[in-house]
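Beneath this line is the structure, given in C-alpha cells, with notes to follow.
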Amino acid sequence: MFSFFKRFKKPADAPLDTPQEELPEAAEDGEVSESELERQALAARAPPEEAMPEAREQAAPAKPAEPAAPSKPAESAAPVKPVTAAPATPAAPVKPVAEMPAAPRTEQSKEYWQGRTPSQWSRGPETDQASEKVVPPPEPDPVAKKSWLSRLRHGLSKTSSNLTGIFVSAKIDDDLYEELETALLMSDAGVDATEFLLESLREKVRSDRLTEASQVKAALRELLVNLLRPLEKSLMLGRAQPLVMIIAGVNGVGKTTSIGKLAKHLQRFNQSVLLAAGDTFRAAAREQLTVWGERNDVTVIAQESGDAAAVIFDGVGAARARKIDVMMADTAGRLPTQLHLMEELRKVHRVIAKAMPDAPHEVLLVIDANTGQNALAQVKAFDDALGLTGLIVTKLDGTAKGGIIAAIARQRPVPVYFIGVGEKVEDLQPFSAEEFADALLG
C-alpha cells in the first residue's frame with residue numbers, strides 16, 4: 001500500500017512557490033510520514049471522476065488488499081457517491097412523446113390521407129382540423145342567391161312555360177300524359193328519362209289518389225328531384241396537394257371560360273390555383289387562358305408551341321414545388337369521333353400519372369346544354385376514354401332546354417358539379433337538384 005502512495009510524494013499540481021514550512025516533513029530514511037500518506041490519499045480521492053481516471057483504475061483492484069480504513073477516510077469518500085447515483089435520479093423528467101407538439105404539416109401525403117373518409121375531405125366545418133387551408137365556405141349572400149335563381153329560371157323559361165302550361169285547368173287523363181310526354185321530349189330529356197318519369201307519375205297518381213292538376217305537378221317535381229339528386233355532388237378539396245384536375249370538352253362549349261370561373265370560385269375557399277395551358281392546337285387558347293389568369297391573379301404555365309402533355313407535366317411539377325392547392329389543366333377541344341385527338345387526351349392522362357402517382361384526381365367534362373342529345377353522346381365517349389368524375393353544364397340561358405341533365409341522370413349518371421347561366425364569374429354555381437327542378441317547373 002505504501003509503495004502505491006509513494007508516487008504522490010510531490011503532486012504535479014502543487015504550486016512551485018509553496019512555503020517550505022507548509023510542506024510535510026520527510027522521514028530520515030527517505031520514507032513518507034504517516035500523516036503525509038493520509039493527506040495524499042485524501043487528495044487522490046477528492047477530485048471528480050474526470051480529473052484522475054488512471055489513478056481510479058489502478059486503485060480499484062488494490063482495494064481488497066487494503067487494511068481496514070480509518071473512520072475519517074471513509075467519511076471523506078462521500079463526495080464520490082452522487083456521481084454513481086446520478087443516472088437513477090435524472091435532473092429533468094423526460095416529456096412523453098404524446099405531449100410533444102406536432103410538426104406543422106406542409107404536404108398532404110398519401111400516408112396522411114389513408115384511412116380518412118370523404119367527409120373529412122369536404123369543405124364544411126367538419127373538415128379535418130389538420131388541414132390548414134380548407135376552410136368552411138363563406139355564407140351565401142341572399143341577394144346574390146336570389147339573383148342567381150332568377151337568372152336560372154329565366155334561362156329555363158322556355159321549357160318551364162311548356163311544362164307549367166299543361167297543368168292550367170287540366171284534367172287528369174290520357175291527354176295530360178301525352179302533353180307531358182311531348183314537353184319532356186322537346187326539353188331534351190330523351191326517350192328513356194321521359195318514359196321513366198311518366199310511368200312513375202302514373203303509378204304515384206294511382207297510389208296517392210291524386211285528383212287535382214296542382215297535385216300532379218307537385219308529384220312530377222318530386223319525381224324529377226329524386227331523379228336528379230344522385231348528380232348533386234360537391235367538389236371535395238384538400239385531399240391532395242396539389243389537387244390535379246383535367247378539364248376536357250369539345251370546341252365551343254366554353255371550356256376555357258369555365259376554367260377561369262372555377263378558379264375564382266375555388267379562391268373563395270382560400271385555395272391557391274395554378275393553370276396549365278394544355279390547349280396547344282387553338283391559336284388563341286393560351287392568350288385567352290392568360291387573360292383569365294390575370295383577372296384572378298393566378299399563375300399560368302404555357303408554351304408557345306410544344307406537346308400538350310409536356311406543358312401539363314411542367315404544370316404539375318410547378319404546382320408541387322410551389323405547394324399549390326389546385327392545378328387545373330386545360331386541354332384542346334376535340335370531338336369524340338376524332339380518335340387521334342382522343343388518344344392524345346389519354347396520353348395526357350398517363351403523363352400526369354407519371355408526374356404524380358395518384359393524379360389526376362378530377363377529370364371534368366364541360367358540355368353545352370344547347371346541344372341536346374349530342375351532349376349525352378359526349379359524356380359517354382369521354383367517360384369511356386378517361387373515366388369522368390364530374391360535369392360542368394354551361395349555357396343554361398337563352399335557348400337552353402335543360403332536360404339533357406335528366407337524360408344524363410338516367411343513362412350515364414356522372415355527377416354535375418357546376419352549372420352556368422351566363423358570362424359573368426358569379427354565373428357558375430354548384431348544381432342543386434331542387435333548385436333545378438323548381439326552375440324547370442316554375
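A donor-acceptor pair under 3.5 Å is formed between the side chain of Asn162 and the backbone N or O of Lys158. With Glu232 contributing its side chain and Ala433 its backbone, the two residues share a donor-acceptor pair below 3.5 Å. Distance alone, capped at 3.5 Å, places no donor-acceptor pair between the Asp383 side chain and the Val379 backbone. Side-chain atoms of Gln215 come within 3.5 Å of backbone atoms of Thr211 as a donor-acceptor pair (strictly under, hydrogens ignored). In this structure, Ser207 contributes its side chain and Lys204 its backbone to a donor-acceptor pair below 3.5 Å. Checking side-chain atoms of Thr194 against main-chain N and O of Val191 turns up no donor-acceptor pair under 3.5 Å. No donor-acceptor pair closer than 3.5 Å links the side chain of His361 to the backbone N or O of Leu243. When atom types are taken as modelled, the side chain of Ser160 and the backbone of Leu156 share no donor-acceptor pair closer than 3.5 angstrom. A side-chain donor-acceptor contact under 3.5 Å links Thr331 to the backbone of Ile247. Counting only distance, with no hydrogens or angles, the side chain of Asn296 and the backbone of Ala263 share no donor-acceptor pair below 3.5 Å.
Here the CD1 atom belonging to Ile166 is positioned 10.0 Å from the OG atom belonging to Ser161, to the nearest 0.5 angstrom. From Leu376, atom CG reaches atom OG1 of Thr371 across 9.5 Å, with rounding to the nearest 0.5 Å. From Met328, atom CE reaches atom CG of Leu274 across 9.5 Å, with rounding to the nearest 0.5 Å. Here the CG-OG1 distance, from Leu163 to Thr159, works out to 6.5 Å after rounding to the nearest 0.5 Å. Rounding to the nearest 0.5 Å gives a distance of 6.0 Å between CG of Leu428 and CZ of Phe418. Residue His265 holds its NE2 atom at 12.5 Å from OG of Ser258, rounded to the nearest 0.5 Å.
Between Glu362 and Tyr417 the shortest heavy-atom distance is OE1-OH, 3.3 Å. The shortest heavy-atom contact between Val225 and Ala437 is CG2-CB, 3.5 Å. A pairwise comparison of heavy atoms in Leu220 and Leu201 identifies N-CD1, 3.9 Å as the closest pair. Of all heavy-atom pairs spanning Gly252 and Asp368, the tightest one is O-OD2, 4.4 Å. Across all their heavy atoms, Leu345 and Ala248 have their closest contact at CD2-CB, 4.1 Å. Here the shortest heavy-atom pairing between Gln373 and Ala189 reads NE2-C, 4.2 Å.
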For side-chain contact (heavy atoms from CB on, under 4.5 Å), just list the numbers for Lys395 and Val253, CA-CA rounded to whole Å, side-chain angles, deciding distance to a tenth of an Å, and then say yes or no.
-> CA-CA 8 Å; Lys395 303 182 182 180; Val253 297; 5.8 Å; no
Verdict with reasoning, Glu344 to Lys347, per salt bridge (Lys or Arg N to Asp or Glu O under 4.0 Å) | CA-CA 5 Å; Glu344 181 167 345; Lys347 176 184 176 182; over 6 Å; no
Under the side-chain contact (heavy atoms from CB on, under 4.5 Å) rule, what do Leu235 and Leu237 come out as? Steps first, then yes or no, please.
-> CA-CA 6 Å; Leu235 178 63; Leu237 304 175; 4.2 Å; yes
Determine, stepwise, if the pair Asp279 / Arg286 fulfils salt bridge (Lys or Arg N to Asp or Glu O under 4.0 Å).
-> CA-CA 7 Å; Asp279 188 355; Arg286 183 179 67 256; over 6 Å; no
Val298 and Gln267: CA distance, side-chain angles, deciding distance, side-chain contact (heavy atoms from CB on, under 4.5 Å) verdict | CA-CA 10 Å; Val298 171; Gln267 288 178 333; 3.2 Å; yes
In sequence, state the C-alpha distance, the side-chain angles, and the governing distance for Leu152 and Ile419, and then conclude on side-chain contact (heavy atoms from CB on, under 4.5 Å).
-> CA-CA 9 Å; Leu152 180 60; Ile419 56 176; 4.2 Å; yes
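In this structure, Met327 and Val316 have side chains that are in contact, with non-hydrogen atoms separated by less than 4.5 Å. With a 4.5 Å cut-off on side-chain heavy atoms, Met245 and Pro360 do not count as touching. A heavy-atom distance below 4.5 Å is found between the side chains of Gln378 and Val250. Thr257 places a side-chain heavy atom less than 4.5 Å from the side chain of Trp292. Looking at heavy atoms from C-beta onward, Arg320 lies out of side-chain contact with Gln241 at the 4.5 angstrom threshold. Side-chain contact between Val414 and Leu231 is absent, with no heavy atoms from C-beta onward closer than 4.5 Å. Taking the side chain as every heavy atom from C-beta outward, Leu198 and Leu180 approach each other to under 4.5 Å. At a threshold of 4.5 Å between non-hydrogen side-chain atoms, the residues Val416 and Ile392 do not count as touching.
Every pair passing salt bridge (Lys or Arg N to Asp or Glu O under 4.0 Å) that includes a residue from residues 180-195 is listed here, sequence neighbours excluded: Asp192-Arg410. Within the structure, every pair that satisfies the side-chain hydrogen bond (donor to acceptor under 3.5 Å, both in side chains) test and touches residues 418-430, not counting sequence neighbours, is listed here: Arg151-Asp427.
Under the side-chain hydrogen bond (donor to acceptor under 3.5 Å, both in side chains) criterion, Arg209 pairs with no residue at all, not counting sequence neighbours. Among residues two or more places apart in sequence or in another chain, the side-chain contact (heavy atoms from CB on, under 4.5 Å) test is passed with Ile172 by Leu176, Tyr177, Val205, Val216. Under the side-chain hydrogen bond (donor to acceptor under 3.5 Å, both in side chains) criterion, Asp384 pairs with Arg412, not counting sequence neighbours.
With 3.5 Å as the limit, one finds a donor-acceptor pair spanning the side chains of Asp325 and Ser272.
Between Glu343 and Arg346 there is a salt bridge, since at least one side-chain N of the basic residue sits less than 4.0 Å from a carboxylate O of the acidic one. The existence of a salt bridge linking Lys217 and Glu212 is excluded, since no basic side-chain nitrogen approaches an acidic carboxylate oxygen closer than 4.0 Å. Between Glu199 and Arg202 there is no salt bridge, since no side-chain nitrogen of the basic residue lies less than 4.0 Å from a carboxylate oxygen of the acidic one.
Taking a 6.0 Å sphere around CG of Asp173, one finds it holds more than 12 heavy atoms contributed by other residues, nucleotides or ligands.
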Contacts table for residues 307-314: side-chain donor-acceptor under 3.5 angstrom, sequence neighbours left out:
residue, atom, partner, partner atom, Å
Asp307, OD2, Ala309, N, 3.2
Asp307, OD2, Ala310, N, 3.4
Asp314, OD2, Gln303, NE2, 3.2

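In this structure, Phe436 has its ring center closer than 6.0 angstrom to the ring center of Phe431.
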